[in-house]
Amino acid sequence: MAEAILEVRDLHKHYPLTQGILFRKQVGAVKAVDGVDFDLVAGETLGIVGESGCGKSTVAKMLVNLEKPTSGTIRYKGEDLTKLSPRALKAVRRNIQMVFQDPYTSLNPRMTVGDIIGEPYEIHPEVAPKGDRRRKVQDLLDVVGLNPEYINRYPHQFSGGQRQRIGIARGLALQPEVIVADEPVSALDVSVQAQVVNLLDRLQSEFSLSYVFIAHDLSIVRHISDRVGVMYLGRIVEIGTDVQIYDHPTHPYTQALLSAVPVPDPEARAHRERIILTGDVPSPANVPSGCRFRTRCWKARERCELEVPLLAVPAVYRLADAPARHDSACHFAEEKQVVPPEESLAHPDPLADGPAPVEAAREAAEGASEEPGPDAAPPDEPGPDAAPPEEPGPDTAPPDEAGPDAAPPEEPGGPKTL
């Protein structure tokens, strides 16, 4: 495995709850992020998924130091970003940029596109001298698929997808190594989502970027991600490769999420198991003891209330070389196939419910077109037990002779018209 470019260990972000007017005192805390661990390898995409309010965006803001963590470490190439001085942090921020969720409010409406994309050059003038900035901005517009002549336009003159491309161009201005994309396609139409995701995929190969990609849509996360982390109530409950998470989930919460993904294939939709969770997500200000998911989990036992499960490979899979061998924070982690594999749907068991209707029709058609065997009677000759043909009666006219009242035959060329 390649060396990690970004290491996050035991990351916490607690927002204090205070009481009083003159003498304010802390009476609790909202535990938005409460112990997150993951690594980001150079050149890979780490997707983070979870319900609204689970702490995904808070993690993204702490990675770029827009939010100060309560505790924990964020290491970029060995340097702890939480302990750097403002001058040193400014130099590191050049290598970690962010693409924001809302393409409408993340762009200043009073600034032109050229000023928005060129603003990072004002903070880091060593990247682009003043005389070269306009050309660099036009090059960035061309890279993200916009006309370089739009440099003097304002944000309100663009669509949502075009605004998000402007935000991506701003993130690329300083040539970073890591881009944190906080739900970059959630506010866009489906067709525009595909364009932006394909753009990010292309830029990653062109500029050797590493992504932390946060989204709600599990299908988009699988399309772009190499590894996926599932968050619930401030913690990562399962993490692994895209194949391990989507095809071999072991945590009950991940299995419930996957069962809610719309499936376009009617046959697959009919065979999959739908997992319905009961109850609401607990408040991050009053987190349940032990396992945080136990209040909604169908596997909950007394141990789940007393012990906090560790994010590690389950004991039943530690010695097995199987896709289910990945980190999962559950005392009773067990692989569960939420959607049947495509092979079982494309080739059903012929002995289960008899032959398929299409195969039965094909066999019937082949049987009807088969040649007769050696003992079969010729098709035109009657068998020995067949009844003789009936003889015509005395009042029956010969088949070829016309009666006296029959109309004369028409002349060639059809009837004449006067």
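- Shortest non-hydrogen contact noted between Pro103 and Gln101 is CD-O, 3.3 Å.
- A donor atom on one side chain and an acceptor atom on the other are found under 3.5 Å apart for Asp182 and Ser57.
- A salt bridge is absent between Lys136 and Asp139: the closest approach of a Lys/Arg side-chain nitrogen to an acidic carboxylate oxygen does not fall below 4.0 angstrom.
- In this structure, Val228 and Tyr246 have side chains that are in contact, with non-hydrogen atoms separated by less than 4.5 Å.
- Annotation: cation-pi geometry satisfied between Lys13 and Tyr15 (NZ/CZ under 6.0 angstrom from ring centroid, within 45° of ring axis).
- Checking Glu334, Glu238, Gln244 one by one against Thr250, the side chain to side chain donor-acceptor pair (under 3.5 Å) holds for a single residue, Glu238.
- There is no side-chain donor-acceptor pair under 3.5 Å between Thr70 and His14.
- Salt-bridge annotation for Arg133 and Glu122: present, with a side-chain N of the basic residue lying under 4.0 Å from a carboxylate O of the acidic one.
- At a cut-off of 3.5 Å, with distance as the only test, no side-chain donor of Glu44 or Ser210 sits close to an acceptor on the other residue.
- A distance of 9.5 Å separates CZ of Arg9 from CZ of Arg75, quoted to the nearest 0.5 Å.
- Side-chain contact of Thr241 with Arg227: a donor-acceptor pair under 3.5 Å is absent, judged by distance alone.
- Residues Leu6 and Tyr76 form a side-chain contact, since some pair of their non-hydrogen atoms from C-beta on lies under 4.5 Å apart.
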Q: Go through the steps for Arg153 and Thr112 under the test side chain to side chain contact (heavy atoms under 4.5 Å, CB included), then give the verdict.
A: CA-CA 5 Å; Arg153 293 190 178 185; Thr112 64; over 6 Å; no

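- Closest heavy-atom contact between Ile5 and Ala42: CG2-N, 4.0 Å.
- Within the 4.5 Å cutoff, the side chain of Leu63 has heavy atoms near those of the Val8 side chain.
- One distance of note links NE2 of His223 with CG of Asp242; it measures 11.5 Å at 0.5 Å rounding.
- Thr82 and Asp80 share a donor-acceptor pair across their side chains, judged by distance under 3.5 Å alone.
- In this structure, Phe207 CZ and Gln175 CD are separated by 8.0 Å, a value rounded to the nearest 0.5 Å.
- To the nearest 0.5 Å, atoms NE2 (His251) and CG (Leu311) are separated by 9.0 Å.
- In this structure the side chain of Ile151 reaches within 4.5 angstrom of the side chain of Leu141, judged on heavy atoms.
- Just one residue in the list Lys336, Glu335, Arg325 forms a side chain to side chain donor-acceptor pair (under 3.5 Å) with His248, and that residue is Glu335.
- Rounded to the nearest 0.5 Å, atoms NE2 (His331) and CZ (Arg303) are 5.0 Å apart.
- Checked by atom type, the side-chain pair Glu305/Ser289 shows no donor-acceptor distance below 3.5 Å.
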(Q) Before you tell me yes or no, could you show the steps for Tyr211 and Leu200 under side chain to side chain contact (heavy atoms under 4.5 Å, CB included), namely the whole-Å CA-CA distance, both residues' side-chain angles and the distance that decides it to 0.1 Å? (A) CA-CA 9 Å; Tyr211 289 146; Leu200 292 172; 3.9 Å; yes

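- Distance check, rounded to the nearest 0.5 Å: CD of Glu79 to CG of Leu89 gives 10.0 Å.
- Side-chain polar atoms of Thr105 and Asp102 form a donor-acceptor pair below 3.5 angstrom.
- No side-chain donor from either of Gln164 and Tyr104 sits under 3.5 Å from a side-chain acceptor of the other.
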